[in-house]
Amino acid sequence: VNTDVVWEDQQKINRFSYLNMSSQELEREVKAKEDKMNSYQDALDELEISMEPSVRLMIGESMVELSEEDALQRVEALKEQLQREIDEEKSQVAEMKSEMDSLKSYLYARFGTN
């Protein structure tokens, strides 16, 4: 059975493609941020076993000397901010996947597996 592709169908195909690419990119960003989160946790672990009165913390491209307590607070704050970003991006991916599932159902119903 030959089914014609109308403008609305093409828009749905384009939207699915856009969402697919965007969700894959966002998933890569989430993975990178999760790796960074592991680095923050490693830094916290090292700070907690450190016996030094002060530590050097790299902020951007600068090394800053902080007390151990200030460094712990700074890294913990960075970790919390990063977790919020990860949660937000995971939520966006879930919304994209939900819309993709809806589009996929429509497109399969319309065109089958052709």
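Only heavy atoms go into these numbers, but all of them, side chains included; no hydrogens, no water, no symmetry mates.
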Would you kindly confirm whether Val30 and Leu19 end up in one hydrophobic cluster when ILVMFWY residues are joined by side chain heavy atoms under 4.5 Å apart?
no
In terms of hydrophobic clusters joined by side-chain contacts under 4.5 Å, are Tyr18 and Leu26 together?
yes
Decide yes or no on side-chain contact (heavy atoms from CB on, under 4.5 Å) for Lys97 and Glu27, but give the supporting numbers first.
CA-CA 11 Å; Lys97 298 254 184 205; Glu27 286 173 334; 3.2 Å; yes
Apply salt bridge (charged side-chain N to carboxylate O under 4.0 Å, His left out) to the pair Lys31 and Glu34, showing each step before the final yes or no.
CA-CA 5 Å; Lys31 173 70 173 114; Glu34 287 173 337; 5.8 Å; no
Which of these passes side chain to side chain donor-acceptor pair (under 3.5 Å) with Gln92: Glu88, Glu95, Lys90?
Glu88
Counting heavy atoms not belonging to [X], are there more than 12 under 6.0 Å from its [atom1]?
{"X": "Tyr108", "atom1": "OH", "answer": "no"}
{"X": "Phe111", "atom1": "CZ", "answer": "yes"}
{"X": "Lys79", "atom1": "NZ", "answer": "yes"}

Which heavy atom in [X] sits nearest to a heavy atom in [Y], and how many Å separate them?
{"X": "Asp4", "Y": "Asp9", "result": "O-OD2, 3.9 Å"}
{"X": "Leu57", "Y": "Leu66", "result": "CD2-CD1, 3.7 Å"}
{"X": "Val93", "Y": "Ser23", "result": "CG2-O, 4.2 Å"}
{"X": "Tyr40", "Y": "Leu82", "result": "CE1-CD2, 3.7 Å"}

Between [atom1] of [X] and [atom2] of [Y], what distance do you get to the nearest 0.5 Å?
{"X": "Leu78", "Y": "Leu44", "atom1": "CG", "atom2": "CG", "value": "9.5 Å"}
{"X": "Glu89", "Y": "Glu25", "atom1": "CD", "atom2": "CD", "value": "9.5 Å"}
{"X": "Leu47", "Y": "Leu72", "atom1": "CG", "atom2": "CG", "value": "5.0 Å"}
{"X": "Met37", "Y": "Glu85", "atom1": "CE", "atom2": "CD", "value": "9.0 Å"}

Please test Val6 against Arg110 for side-chain contact (heavy atoms from CB on, under 4.5 Å), starting from the C-alpha separation and ending with a verdict.
CA-CA 11 Å; Val6 295; Arg110 177 96 167 95; 4.1 Å; yes
Intermediate values then yes/no, side-chain contact (heavy atoms from CB on, under 4.5 Å), Asn14 and Gln11
CA-CA 5 Å; Asn14 292 348; Gln11 292 303 104; 4.0 Å; yes
Are [X] and [Y] close enough that some pair of their side-chain heavy atoms sits under 4.5 Å apart?
{"X": "Lys12", "Y": "Arg15", "answer": "no"}
{"X": "Glu68", "Y": "Glu52", "answer": "no"}
{"X": "Met96", "Y": "Ser22", "answer": "yes"}

Within 45° of the six-membered ring axis of Phe16 and under 6.0 Å from that ring's centre, is NZ or CZ of Lys104 located there?
no
Between Ser67 and Asp70, do the side chains contain an N or O donor and an N or O acceptor separated by less than 3.5 Å?
yes
Do Asp87 and Gln83 pair up side chain to side chain, a donor and an acceptor below 3.5 Å, judged on atom types alone?
yes
Let me see the working for Asn20 and Met100 under side-chain contact (heavy atoms from CB on, under 4.5 Å), right down to the final yes or no.
CA-CA 7 Å; Asn20 188 42; Met100 286 170 60; 3.5 Å; yes
Check for a donor-acceptor pair, side chain of Ser98 on one end and backbone N or O of Ala94 on the other, with a separation under 3.5 Å.
no
